[in-house]
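Reviewing the structure listed below.
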Amino acid sequence: MRLTGKTALVTGSTSGIGLGIAKAFAADGANIIINGFGDADAIEAERKGLEATSGGKAAYDGADLTKPEQIEEMFKRAEKDLGGVDILVNNAGMQFVSPVEDFPVEKWDMIIALNLTAAFHTIRHAVPVMRKKKWGRIIATASAHSLVASPFKSAYVTAKHGLAGLTKTVALEVAEAGITVNCINPGYVWTPLVENQIPDTMKARNMTREQVINDVLLAGQPTKQFVTVEQVAAIASFLTRDEAANITGANISVDGGWTAA
Ligand code: NAD
């Protein structure tokens, strides 16, 4: 298969978009490292499924990405067990919804650490190995919020704008090394991350659940459809192809037209 022998690390891939991307890479034959939190039996079942799909190896690494030393250990294990990371997807992320004046300081720190600073650490560990192999793919699951803002999401929007800046900067630094660096910017995708923010948004905006779905989540998405995990994963898969070798430093929107408005 196309990615046989290559290793893909997808952060935050025990659920949602990350798991979808891991499945797409497994279907292309890659060894997979999944990462994130969750029920041990469910994670093991997904790991086995990925191995069965790819015919390669699949490993689970439970590194907490808000802890730089755990990120470093994860990369050491990846090099020892699987020959290093060829494809890195910075996908793990969390959301918190609150007016800025009430935004809990510890939530701000955690969102910046997970959604932005973790990508700096994974990239700095990944690039030397990719340079040696003269090939690499670095992808961030950013968001439409890397380009535009929404009220009450100050930490998330700040982190995602930062991720877009990090992507462009690193793309320039590694442009001649056979490594591409891109952001995929989904609009609203129906995953636990979206489900979990509905109650807080109901509170922050004094709305019903239906109003939040129709008047907030899908209000800015001209197609009036949620993006699917598979649609995002298909773009990630395409970015690993030879045909995508000149797509770098790009912000690729998969947002139903949100950021065109
Ligand atoms: P999700 O909540 O389903 O998945 C988040 C993943 O991150 C899980 O695997 C979780 O275990 C992991 N995670 C959380 N904290 C972690 C930590 N400290 N260390 C390691 N892993 C950790 O969310 P999702 O919707 O699939 O989101 C994935 C990415 O896509 C996020 O970066 C999110 O911002 C982005 N995104 C989502 C949407 C959407 O509408 N769902 C839209 C645009 C961008």
Side-chain angles (χ1 to χ4, degrees), residues 10-24 36-39 42-43 46 65 89-104 106-108 110-112 114-116 139-164 183-237 251-261:
V10 185
T11 69
S13 49
T14 53
S15 152
I17 296 170
L19 183 57
I21 293 174
K23 286 180 178 169
F37 304 145
D39 173 72
I43 292 171
E46 295 292 0
L65 298 180
V89 183
N90 284 308
N91 170 81
M94 60 176 288
Q95 176 63 280
F96 192 80
V97 180
S98 162
V100 69
E101 63 269 36
D102 301 327
F103 211 96
E106 67 280 6
K107 290 283 184 200
W108 171 279
M110 188 177 280
I111 290 175
I112 299 297
L114 179 63
N115 294 17
L116 178 57
I139 299 166
T141 313
S143 166
H145 283 124
S146 77
L147 298 170
V148 295
S150 297
F152 311 121
K153 296 183 176 178
S154 53
Y156 187 86
V157 172
T158 301
K160 295 297 186 180
H161 274 61
L163 207 45
C183 282
I184 302 175
N185 293 330
Y188 281 104
V189 187
W190 192 261
T191 68
L193 181 140
V194 167
E195 177 63 42
N196 292 340
Q197 67 187 278
I198 290 176
D200 287 343
T201 309
M202 286 166 64
K203 210 164 83 190
R205 293 181 180 247
N206 195 21
M207 284 178 162
T208 65
R209 183 181 166 84
E210 286 63 38
Q211 283 171 323
V212 170
I213 291 175
N214 294 315
D215 302 345
V216 180
L217 301 184
L218 293 180
Q221 227 154 272
T223 56
K224 299 292 174 215
Q225 291 169 11
F226 283 98
V227 176
T228 68
V229 164
E230 290 74 20
Q231 287 165 347
V232 177
I235 301 293
S237 171
N251 264 10
I252 301 170
S253 293
V254 190
D255 65 3
W258 174 353
T259 51

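What you see below is based on every heavy atom in this structure, not just the backbone, and it leaves out hydrogens, waters and symmetry mates.
- Asp255 and Thr259 form a side-chain donor-acceptor contact under 3.5 Å, judged by distance and modelled atom types alone.
- No donor-acceptor distance shorter than 3.5 angstrom exists from the side chain of Lys107 to the backbone of Gln95, with no hydrogens or angles considered.
- Pairing each heavy atom of Pro186 with each of Thr141, the nearest pair is CG-CG2, 4.0 Å.
- Between Arg205 and Pro151 there is a side-chain heavy-atom pair separated by less than 4.5 Å.
- Residue Phe226 is tested with Val189, Thr191, Leu217 for a side chain to side chain contact (heavy atoms under 4.5 Å, CB included); the sole match is Leu217.
- Counting heavy atoms of neighbouring residues, nucleotides and ligands inside a 6.0 Å radius, atom CE of Met110 does not exceed 12 of them.
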Check: Do Gln211 and Val216 pass the side chain to side chain contact (heavy atoms under 4.5 Å, CB included) test, and can you show the C-alpha distance, the side-chain angles, and the key distance before you say yes or no?
Finding: CA-CA 7 Å; Gln211 283 171 323; Val216 180; over 6 Å; no
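- Between Ser98 and Asp200 the shortest side-chain heavy-atom distance does not fall below 4.5 Å.
- Expressed to the nearest 0.5 Å, how far CD1 of Ile111 lies from NZ of Lys160 amounts to 10.0 Å.
- To the nearest 0.5 angstrom, Asn214 atom CG is 8.5 Å from Thr208 atom OG1.
- Thr11 places a side-chain N or O within donor-acceptor distance of the main-chain N or O of Ala92, the cut-off being under 3.5 Å.
- Scored by the ring pair (Phe, Tyr, Trp, His ring centres under 6.0 Å) test, Phe152 finds no partners at all (sequence neighbours excluded).
- With sequence neighbours excluded, the residues satisfying salt bridge (charged side-chain N to carboxylate O under 4.0 Å, His left out) with Arg209 are Glu195.
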Margin query: Test side chain to side chain contact (heavy atoms under 4.5 Å, CB included) on Thr158 and Trp108; report intermediate values, then the result.
Written below: CA-CA 10 Å; Thr158 301; Trp108 171 279; 3.7 Å; yes
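- Taking CD of Glu101 as the start and OG of Ser154 as the end, the distance is 9.5 Å to the nearest 0.5 Å.
- Shortest non-hydrogen contact noted between Ala204 and Val97 is CB-CG1, 4.5 Å.
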Notebook entry, point to check: Do Ile213 and Trp190 pass the side chain to side chain contact (heavy atoms under 4.5 Å, CB included) test, and can you show the C-alpha distance, the side-chain angles, and the key distance before you say yes or no?
Noted result: CA-CA 11 Å; Ile213 291 175; Trp190 192 261; 4.3 Å; yes
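- Within the model, atoms CG of Asn91 and CD1 of Ile184 stand 9.0 Å from one another, a figure rounded to the nearest 0.5 Å.
- In this structure the side chain of Lys23 never reaches within 4.5 angstrom of the side chain of Glu230, judged on heavy atoms.
- Atom NE2 of residue His145 and atom CG of residue Leu163 lie 14.0 Å apart, to the nearest 0.5 angstrom.
- Nearest heavy atom pair, residue Ser146 against residue Asn251, reads OG-ND2, 3.8 Å.
- Proximity of a side-chain donor or acceptor of Gln221 to a complementary backbone N or O of Gly187 within less than 3.5 Å is not detected.
- For the pair Gly257 and Pro222, the tightest heavy-atom approach, listed with the atom from each and the gap, is C-CD, 3.4 Å.
- Annotation: Asn206, atom CG; neighbour count of heavy atoms from other residues, nucleotides and ligands within 6.0 Å does not exceed 12.
- A distance-only check finds no donor-acceptor pair linking the side chain of Lys203 to the backbone of Ile198 [under 3.5 Å].
- For Asn185 against Ala142, the heavy-atom pair with the smallest separation is OD1-CB, 3.1 Å.
- The two residues Ala236 and Ile21 have their closest heavy-atom pair at CB-CG2, 4.0 Å.
- Here the CD atom belonging to Gln197 is positioned 4.0 Å from the NZ atom belonging to Lys153, to the nearest 0.5 angstrom.
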